[in-house]
Each structure stands twice: as structure tokens, then as C-alpha cells.
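Data first, discussion second: the structure below is written as C-alpha cells.
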Amino acid sequence: MDWNDSSKSSDSLQWIGEDEEEVNSNTVPFHSSSNFNTHEASTSAGPHSSLFSYFVGMGFSKNMVVKAIKENGEGNTNAILETLLTYSMIEKSPSECELIPYDTDSSESKMDDLDQLSDISSCLGDEETIEHLSDREKKFLQLMDMGFPIDDASSALEKCGPDTSIMELMDFISAAQIGKIHNPQLHPILDENKPGSSNFHTTPDKKRKKLFEAEERWQKKVDSWRRRQKESYKERKKSLLHEDEETVRVPKPMKGFGLPNMQMTVFNRKIPSEAIGPPFFYFENVALAPKGVWDTISRFLYDIQPEFVDSVYFCAAARKRGYIHNLPIQNRFPLQPIPPLTIQDTFPLSKKWWPSWDKRTKFNCLNTCTASAKLTERIKKALESWDGEPHPKTQKYILFECKKWNLVWVGKNRAAPLDPEEIEVLMGFPKHHTRGGGTSRTERFRSLGNSFQVDTVAFHLSVLKKMFPHGISVLSLFSGIGGAEVALHRLGIPLKNVVSVEISNVNRNILQSWWDQTNQKGNLIHVADVQKLSIDRLEELIKSLGGFDLIIGGSPCNNLTGSNRVSRDGLQGEQSILFYEYFRVLNDVKFLMGKV
DNA sequence: TAAAGCATGAAGTCTTGT
DNA sequence: ACAAGACTTCATGCTTTA
């Protein structure tokens, strides 16, 4: 390939620290992407303009595109994109934002509320807009979004005050709905006669019994009403989302486009001409992301259908991931040696202590956190309280913890979390890959939990071996501890140039150590922040290295994974939004290499 | 100060029972 | 067919400990 010929082999390692990097003034996901500049329309941007169809073609709704063009002007493509991305996409799609309360009767109080809120009711997902609202206004909007009638929401806020929690407000409205609010003693917010309160114990027995019964009946009604409310809200949400028609479905079993030693399933794989490599690209993220996320990812990556694979077919641990790439899928081969595929084969010593009632043969997904010593102690004590086989309830509890924390049996009644070394091997890394160099045990678990399963990825990358017998130049985004690099190396593909983009200092050190220890002949260049990898910097790199053969990376899953209880915000989440940086860099590189 | 411990569910999908 | 239960999930943020 011509853009490879200009590569200069230099054995010196370059290090670009965070401080040394040029600061790009434009840090929005789509800064200065030349790919988009080519689409800048200077003329009419109405519903039939090329600009309009371009954005609609990307999957944005027509209304939103018109709105975004109107807001930003016709010439400012990047700003339009930013608007579309920030305000309208996926989870916070325009259709969802247009949710309106089903009770549209008018009254003065309602009109007041509506007038006050008319500006922001158009899009609840707009945090910037919502931030300046009072607590009362936010709660009112929340209640409306949940489908409560305006009257009820308004009156609940009036009577309970703006400091009342949403749950309590819901209870209040529920009670009002079923007519019990007229007896404030039966309402949890206002009820001073609840069991446990001082007044309750002074009530005569008969009355107390009645109160109990009444409260039970009331509670049941509220529960069922709340359930119905929740379901109808979900239904409406679903039907609105359905308009966008999701196309990506996660198959089960997750075997991708074929596994080692498995006859290739006939698959109609279409890669659009603009997506065909070189450069090749390979993108990874969690398979079980919130609904719509993979539709969006796929839409941005040339509508290529994701390959969903569970690493349970490559090692003894599950790891359900989706991969979007433009690699050929014929003539793949697995890494050798094939790792043991069961827990018992991976840890033969555990067989002696493995209880018959623990039927696991595979680990669940290896996560970033590990079980504490206290938990293993509790398990030991629970087991020691039984002479022979523990009570089914005890078994259930222990199995629950074992599955949740991926515990192995290491002695009599002794379950233990996996050591970092054991996780390294399960993930396909060399033993001690993350050990030493100032990396704490906690950090090792975190880094490993965030990594590729090497055998799985290597199987997909194996097709590159014949294509690049003299070495490959890789742009590795979100490198982590170097799963992609290790996979290519283990496949026997020489690493000519590797530009590794990784924010964590710990991870950069781990990759550098591995690079040094494996006597790599090529160049390893570190970049800390993908957002600072500007198109100018990319141009420099491509000129000096001769281009990239492979752009590989798994963008942050923090806001996509089910294990995140705090901020599972979808692709627009704080970290997961960096997916758009992968997309941006891919497009910039393709443009710079004259492939667009 | 850094590392380890620990409490914190929802959102899906699949399975089972009626 | 439907409801109810079982199962899994590249984590975060606060507190305690060394």
C-alpha cells in the first residue's frame, strides 16, 4: 500500500504526555472532521436539501434535523451535528421528548404551570435547560413525564410542598386517585397512626385492626395502581420508540459469524463500499447495552451489522460483547494453545473442594471489582453451621454470591475470588501482565475488567496475518492494557507502528512494560487523550508513519453496562460519549488517507 | 494518602408455572 | 397466552483501614 511505503523505521520510543499535547480549542465530538466539511451546504437547507438528507440519512428524525438546521444556520454543519447529538439522539429521541400528559383538560392552575414550563417541556432530556428550574418545576415535569394528570401533579405539589420526594408525591397522587386522600390518617405522608408511631399505640384494638386492614387494602390498591401506571408509561415509551424501528437484535446464542471448528453459518454480510478497508477497523463494546445503543453505533459505523460474541466459547468466562468491523470473516483461525473451556479444567485443584450442588462450569463476566475477604468468611461460617450438605436456602445464598463474584473453591468450605494472575490468564494475557510497576491490586482488577478477551478478539483479527506478513501499523484507541496489541502479537503479526491512545497512566505503563519485555521492533507512541488527537496531529502521524492498517478500540462502556447503578445514561453518558471520538478519528484517518 | 471494603438496583431477557 | 420468577451485568461513590 502506497501510504505505507513512506514509513520510517525508528526504534526510538516516543512519548506524548498529557501536558505536551497541543490543546485543541474545539473539543466537541465532531470537531473539524474533514469528512463533514465536505458536506457543508451553503445553500438551501430545507427539507429537500442535501444537508437535510445527509443528516436524515444518518438516522436523525426529520423534525429534529429541520430544527437543528434552523437553530444553527445552514453553514455550520458541525454545530448542527452537535445539536443533533446532544439533544435528540437515541434514548432522548425527539419522539420521546414530545411525550405529553394524557390529561389535557384545561384549568387555571394547569395553564399557569404549562405557561411557566412551556419552553422546557419540549425536551426533558436537556439538562442544561432543566438545570435552572426550581425544584418544584423539575418535580412537576417529572410527574408529567410519568403520565400523571396535570391537576393531580399540581395539587400534590401544592399540598405536600416542593421538598417532598417524587415517590411520596406519587403516593399522594395515588391515594387521591382512589379517593382515600379524604382520610389523611390513611396516607403515609400524613398518617400519624401508622404502626410504630406514638399515636398508633394509643388507638383501641378494634380501631387498630380496622386501620391495619384499611391500610393493607389501601396499600394493595396503591401498589396495583402504581404498577399499572408504570406499565402504561413503559408501553407508551415503547410504542414511541418503536417508531424508530430498532434493527439490531442481540442473537442468542452469541456465536458471532462463526466459531473455531464450527462450520461457517451462511451469512449475508454486506459492507458498504465507503466502509471497505484498508484501513480496517474494529470496534467493541458491551452487547447488553440499553436499547437503541447498538442501533446508533451501527448507524454511525456504516450500518454494518454488529457481530455479537460471548467469550464463553473461547475461555472459561462469559463476556458478551458486540463487535463492528470491516474485516473478512472467512479463514479465521483461533489462537494456540486453545485455553481450557471450563472452570474445572482451568483450575484442576478446585475439583477436590467443589460442592456437588454448585453446578457452575463457567464463570460469569469478569468485572472490575472483586469480592472482599469478609464475604468469603461469611460463606465459610454459613457452611460450617451444617454437618453435611447445607440447607437449600444456604446453598441458594452461597450460589448467588459465587455467581455474582465469580468465586472458586480453594479448600474445605472456602470460596475465594480469583487472583489478578488468574484473571490475566482467563482474559488471554500473559501471567503477571499487570503485575508490578506500581500497579495496585485494585487497579489490576479494574484494568483487567475493562479489557478485551484476547482469544476472542484474536480469532477475528487472525485474517490479518496473511495480509500483513511484514508487519502492521495500528491506531489503537482506548487501548487499556493492550488487548489488541497482545492479540496481534500472539497471532504472530509483527507490530510495525502502534499509536496507543489511553487516558490512564497506569494502563499506559502496563502496555509500555509489555512492549519492552516482548522485544518489539516497531514504534510505540502514546497519546493520552483521544479528544486531543486532532486532525492535525493525525495528519502528522500518518505522514511520519505512513498511514494505519488497522484502527481498533472498544469505547468506554461505563454508561452502558448493567452493572452501573448510578449513571447508566447510554451513549450520551459522560464516558460512553467517547464512542463518537472513535467515529470521528476513524473518519479523519480515512479522509487523510484518501479513502473517503 | 492510597488502597481496600462495602452498600447501592435497574433493565433487560429467558424460563417456568398456571 | 400470560404472569411471575430467575438470571446476568467491562460500576460508582462513600467509608474504613493501613
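In what follows, chains are A, B, ... by sequence order, proteins preceding strands, each numbered from 1.
Note on A:Arg321: a base of the nucleic acid sits closer than 4.0 angstrom, heavy atoms only. Residue-level contact check: A:Thr370 touches neither bases nor backbone, having no heavy atom under 4.0 Å from any strand. Counting non-hydrogen atoms under 4.0 angstrom, A:Asn450 reaches a base of the nucleic acid.
Here C:dC10 presents its P atom at 16 Å from CG of A:Leu418, a figure rounded to the nearest Å. Between the CG atom of A:Asn558 and the C1' atom of C:dT12 there is a distance of 10 Å, given to the nearest Å. Taking atom CZ of A:Arg441 as the reference point, atom C1' of B:dG5 lies 13 Å away to the nearest angstrom. We find that CZ of A:Arg444 is positioned 11 Å from P of B:dA4, with the value rounded to whole Å. We find that CD of A:Gln453 is positioned 14 Å from P of C:dT9, with the value rounded to whole Å. In this structure, the CG atom of A:Leu407 is 13 Å from the P atom of C:dT8, given to the nearest Å. Residue A:Lys374 contributes atom NZ, which lies 9 Å from atom P of C:dT17 at whole-angstrom precision. Following rounding to the nearest Å, A:Phe308 (CZ) and B:dG12 (C1') show an atom-to-atom distance of 14 Å.
Mapping A:Ala371 and A:Lys252 onto DNA chain B via the closest heavy atom, the residue that lands nearer the 5' end is A:Ala371. For the pair A:Asn559 and A:Lys404, both in contact range of DNA chain C, the more 5′-proximal nearest nucleotide belongs to A:Lys404. In terms of position along DNA chain B, the nucleotide closest to A:Gly438 lies nearer the 5' end than the nucleotide closest to the other residue of the pair A:Gly438 and A:Trp405.
Residue side chain A:Arg319 reaches the base of C:dC10 through a donor-acceptor N/O pair under 3.5 Å, judged by distance alone.
C:dC10 and B:dC6: their P atoms are spaced 24 Å apart (whole Å). Separating the P atom of B:dT8 from that of C:dT9 is a span of 22 Å, rounded to the nearest Å.
At C:dT12, one or more side-chain N or O atoms of A:Arg446 fall inside 4.0 Å of OP1 or OP2 (strictly under the cut-off). Within the 4.0 Å cut-off from OP1 or OP2 of B:dG5, not a single side-chain nitrogen or oxygen of A:Ser372 is found. The shortest distance between the side-chain N/O atoms of A:Ser567 and the OP1/OP2 oxygens of C:dT12 is not below 4.0 Å. In this model, the phosphate group of B:dA11 is not approached by any side-chain N or O of A:Lys291 to a distance below 4.0 Å at OP1 or OP2. Listed pair A:Ser440 / B:dA4 meets the phosphate criterion, a side-chain N or O lying under 4.0 Å from OP1 or OP2.
Minimum atom distance to the side chain of A:Ala373 is reached by B:dG5, of the listed B:dC14, B:dG5, C:dT9. Nearest to the side-chain atoms of A:Thr442 among the listed nucleotides C:dA6, C:dC10, B:dA4 stands B:dA4. With C:dA6, B:dG5, C:dC10 as the candidates, the nucleotide lying closest to the side chain of A:Lys396 is C:dA6. Listed candidates were C:dT12, C:dT8, C:dC10. Nearest to the side chain of A:Thr561 is C:dC10. In this structure, of B:dA4, B:dG12, C:dC10, it is C:dC10 that holds the atom nearest to the side chain of A:Cys557. Nearest to the side chain of A:Lys403, among C:dC10, B:dA11, C:dC7, sits C:dC7. Listed nucleotides: C:dA11, C:dC10, C:dC7. Nearest to the side chain of A:Cys369: C:dA11. Taking only side-chain atoms of A:Arg568, from C-beta outward, the nucleotide of C:dC10, C:dA6, B:dA11 with the closest atom is B:dA11. With C:dT9, C:dT12, B:dA4 as the choices, the nucleotide that has an atom nearest any side-chain atom of A:Asn564 turns out to be C:dT12. Nearest to the side-chain atoms of A:Leu288 among the listed nucleotides C:dT12, C:dT9, B:dA4 stands C:dT9.
Contact record, A:Leu571 with A:Leu560: N-CD2, 3.6 Å, taken as the closest heavy-atom pair.
Checked against the 6.0 Å centroid criterion, the rings of A:His325 and A:Phe283 do not qualify as a close aromatic pair.
Checking A:Glu424 against A:His432 by side-chain atom types alone, no donor-acceptor pair falls below 3.5 Å.
Heavy-atom neighbours of A:Lys362 NZ from other residues, nucleotides or ligands within 6.0 Å: above the threshold of 12.
The aromatic rings of A:Tyr302 and A:Phe281 lie tilted to each other, with the angle between the two planes from 30° to 60°. Using bins of under 30°, 30° to 60° and over 60° for the plane-to-plane angle, the ring pair A:Phe314/A:Phe459 lands in the tilted bin.
Of all nucleotides present, only C:dG13 satisfies the Watson-Crick or G-U wobble test against B:dC6, with each distance under 3.5 Å.
We find that A:Arg584 and A:Glu581 are joined by a salt bridge, their nearest charged nitrogen and carboxylate oxygen being less than 4.0 Å apart.
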